[in-house]
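Scope of the values below: all heavy atoms of this structure, side chains included, with no hydrogens, waters or symmetry mates. So you know, we letter chains A, B, ... as the sequences are listed, proteins then strands, and number each from 1.
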There are 2 protein chains.
Amino acid sequence: MSEALRPAAQRSATLEDVARVAGVSRATVSRVINGIRNVDPAIQESVRRAVASTGYVPNGAARSLVTRRAGALALVVSGSGTDGRDEEAGRTQVFTDPFFGRVVSGVFTGLRPHGVHPVLMLADAPEAREQALSYLKQGNADGAMVVSTHADDPMPGLLLAAGVPTVLFGRPAAPLPVSCVDLANRDGARLAADHLHARGRRRVVTIAGPPAVRAARDRLEGFHEAMARHGMPYLPHAEADFTQAGGERAMTRLLVEHPDLDGVFAANDLMAQGAVAVLRDHGLRVPEDVAVVGFDDSSAATAGRPPLTTVRQPVEEMAAEMARILLDVLARPGRGATSVIFEPELVVRRSS
Amino acid sequence: MSEALRPAAQRSATLEDVARVAGVSRATVSRVINGIRNVDPAIQESVRRAVASTGYVPNGAARSLVTRRAGALALVVSGSGTDGRDEEAGRTQVFTDPFFGRVVSGVFTGLRPHGVHPVLMLADAPEAREQALSYLKQGNADGAMVVSTHADDPMPGLLLAAGVPTVLFGRPAAPLPVSCVDLANRDGARLAADHLHARGRRRVVTIAGPPAVRAARDRLEGFHEAMARHGMPYLPHAEADFTQAGGERAMTRLLVEHPDLDGVFAANDLMAQGAVAVLRDHGLRVPEDVAVVGFDDSSAATAGRPPLTTVRQPVEEMAAEMARILLDVLARPGRGATSVIFEPELVVRRSS
DNA sequence: TTGTACGCGTTATCAA
DNA sequence: TTGATAACGCGTACAA
């Protein structure tokens, strides 16, 4: 149709245009733009003027075609699919979890100084995984940060096989040669155990996370180990799904089977919050009757009443480090895998 | 250095390679890849085989250089900066809010069918805005979905001026010719008002959101209008920042000034949750002594005790629609701005 | 239906 | 220090 229909269809200025205006060659303009030295200051100035007057902005595609850099990194949320539930509800569940928000926040902290943006990818089903993988193989992102929920998540392996620079949040299940950041989950659980024991709790139960999640298993095992050292080798526990509702259901079951319990350790704050709610529903006082300890020190820990004693996981710092590691791998490839393990910390509040 | 140091540095296959293997021209391979008809089935087959054997994957940069399409859309969180607080803490605040998670979830719903991924951008300060803007101008994303917190956010205007296809979550403050999705916030507030009035509450207070947020203002005004129609023209209100902690502070203040209040309307669920906590701290029963109504129907509404009566904002649907509109604008440009207003719905739970 | 050939906007190499 | 010029990998008129 007529050009008139697209008023501002003005092909945006190219290097060529700037060069013409400045009266130099494309190459020189490119050098100025990319801050390469060896350019006459006077020429630099006139080029800058030309850039301003033409409103020139480099074309990202052309640039990455030749540099082989996309200037973007993927943040892959690699899940297990939404076990039969409504698909969108499952997604909302994942993205609404404070954990996800903290990861995003930390990633920004790590990426911002480099002017890189994260592209979000959800790999929660085979097709979605393929889609994400092909997107990465196309070079639309230079590397991937992966936070996966299931221990048997195939994504890390697939990325590695595809040669995509990758860093994981959480150690890989199989011993893959891949960089990662993680928390010393067992240590964290031990802190909780020692604390509950020191508080004189002797009938303690655990609300564990999904056994398919490595961090969940580590927390459970670490807790049980520590309690065993305190002379309490057999502890009841119920499994839940890291949600508050799941925590409520688990607490309800445990309360039926062990009405005399006096301490609860939950593998994350959301479930701990659910536990507190159920305990109070049953007329039990927290912490007088039952002490509750959570895990993560997320916003959920301070949202309820009473605020939760919890094991702090510095998610933001970890995510920022994950981003930095990836950036580093990109900057000088060929280096071996790095892994950084963070130490948890007990935060005592009023629930214990 | 020596090539040997980079084992798998094998330049990935190009169209050219595939063509050679299949014994056809680049053009034909391209046609097969892009599903263009008029290709002999036999040739199609041999091309596919060649693609498989070479492990060919199209190069995104080269492709978008010629198609002028990035295949990515930006999700811009355009804030006001972190009013003096710690920068990362403010970010975590934003990303941890259930609202953000729901937006992300909905965006995925809208984008997934088209194989497009959202690249996340945080424009919470002048530099960040510039960075985001230039990223978009470089063509790294084909359009932007903007959820901005402040009414006087310059981002929509800047994007429009830059010619970036844009859709807003929430009407623009100034009457810009830009597409958007929004909620009929005043109607929602009216639902809450009518409900509280029907419940016989006559000493009602409001916890409003930041006046700089348009939705917050609309909810406050809508509530007051409706209450005025019920014969209660003057209602006390306190302003907070949409966080639970803010809600707690506001509730505390209101309680001091109006110890006899019997109803609270909060402009979002997080603040309502905070209000409930404070009310219970003061020995007041919800809903017997004080009825509380929230807004959003986010996960916070069902997290606490009692679960909140609230005005449902279908954030996921709205975000999905925002994505679809943007996709549509991209598909056929030159169309006027579309705006879709969603209707809120009262969800009665036990807090009122 | 297939192939040829050009252009997309940069960066980078090599002379000058 | 600067300027030609060759890639980079792909889509697509146009010709065959």
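- Here C/dT10 is the nucleotide among C/dT10, C/dG3, D/dG11 with the atom lying nearest to any side-chain atom of A/Val66.
- Look at CG on A/Leu15: it is 7 Å from C1' on C/dT10, rounded to the nearest Å.
- Rounded to an integer number of Å, the gap from B/Asn38 CG to D/dT12 C1' is 14 Å.
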Worked check of side chain to side chain donor-acceptor pair (under 3.5 Å) between A/Ser105 and B/Thr92: CA-CA 5 Å; A/Ser105 181; B/Thr92 297; 3.0 Å; yes

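- The phosphate of D/dG9 (OP1 or OP2) has no side-chain N or O of B/Asn59 nearer than 4.0 angstrom.
- Distances shorter than 4.0 Å separate some side-chain N or O of A/Asn34 from OP1 or OP2 on C/dT11.
- A residue-by-residue look at B/Ala62 and B/Thr28 shows that B/Ala62 has its nearest nucleotide of DNA chain D further toward the 5' end.
- Residue B/Val29 is out of contact with every strand shown, counting any heavy-atom pair closer than 4.0 Å.
- Nearest heavy-atom pair, A/Val178 versus A/Thr166, reported as atom, atom and distance to 0.1 Å: CG2-O, 3.5 Å.
- Here A/Arg63 does not reach the OP1 or OP2 of C/dG9: none of its side-chain N or O atoms lies under 4.0 Å away.
- Of the possible polar contacts, one joining the B/Thr67 side chain to the B/Arg63 backbone as a donor-acceptor pair under 3.5 Å is found.
- Toward the 5′ end of DNA chain C lies the nearest nucleotide of B/Ala27, the other residue of the pair B/Ala27 and B/Leu65 mapping further downstream.
- Residue-to-nucleotide contacts include a donor-acceptor pair under 3.5 Å from the side chain of B/Arg31 to the base of C/dG3.
- Per the geometry, CD1 belonging to A/Ile36 stands 14 Å off P belonging to C/dT10, to the nearest Å.
- Distance A/Lys137 NZ to D/dG9 P: 18 Å, rounded to the nearest Å.
- Between the CZ atom of B/Arg68 and the P atom of C/dG7 there is a distance of 14 Å, rounded to whole Å.
- Here A/Thr14 does not reach the OP1 or OP2 of C/dG9: none of its side-chain N or O atoms lies under 4.0 Å away.
- Proximity of A/Arg26 to the phosphate of D/dT2: no side-chain N or O atom is located under 4.0 Å from OP1 or OP2.
- Spacing between atom CD1 of B/Ile43 and atom P of C/dT2 amounts to 4 Å, rounded to whole angstrom units.
- Computed from coordinates, the A/Gln44 CD to D/dT1 P distance equals 10 Å when rounded to whole Å.
- A donor-acceptor pair is defined here as one N or O able to donate and one able to accept, closer than 3.5 Å; no such pair exists between the side chain of A/Ser148 and the backbone of A/Ser78.
- By the 30° and 60° cut-offs, the orientation of the rings of B/Phe108 relative to A/Phe95 is parallel.
- Among C/dT1, D/dG11, C/dG3, the nucleotide with an atom closest to any side-chain atom of B/Ser25 is C/dG3.
- Rounded to whole Å, atom C1' of C/dG9 lies 10 Å from atom CG of A/Asp17.
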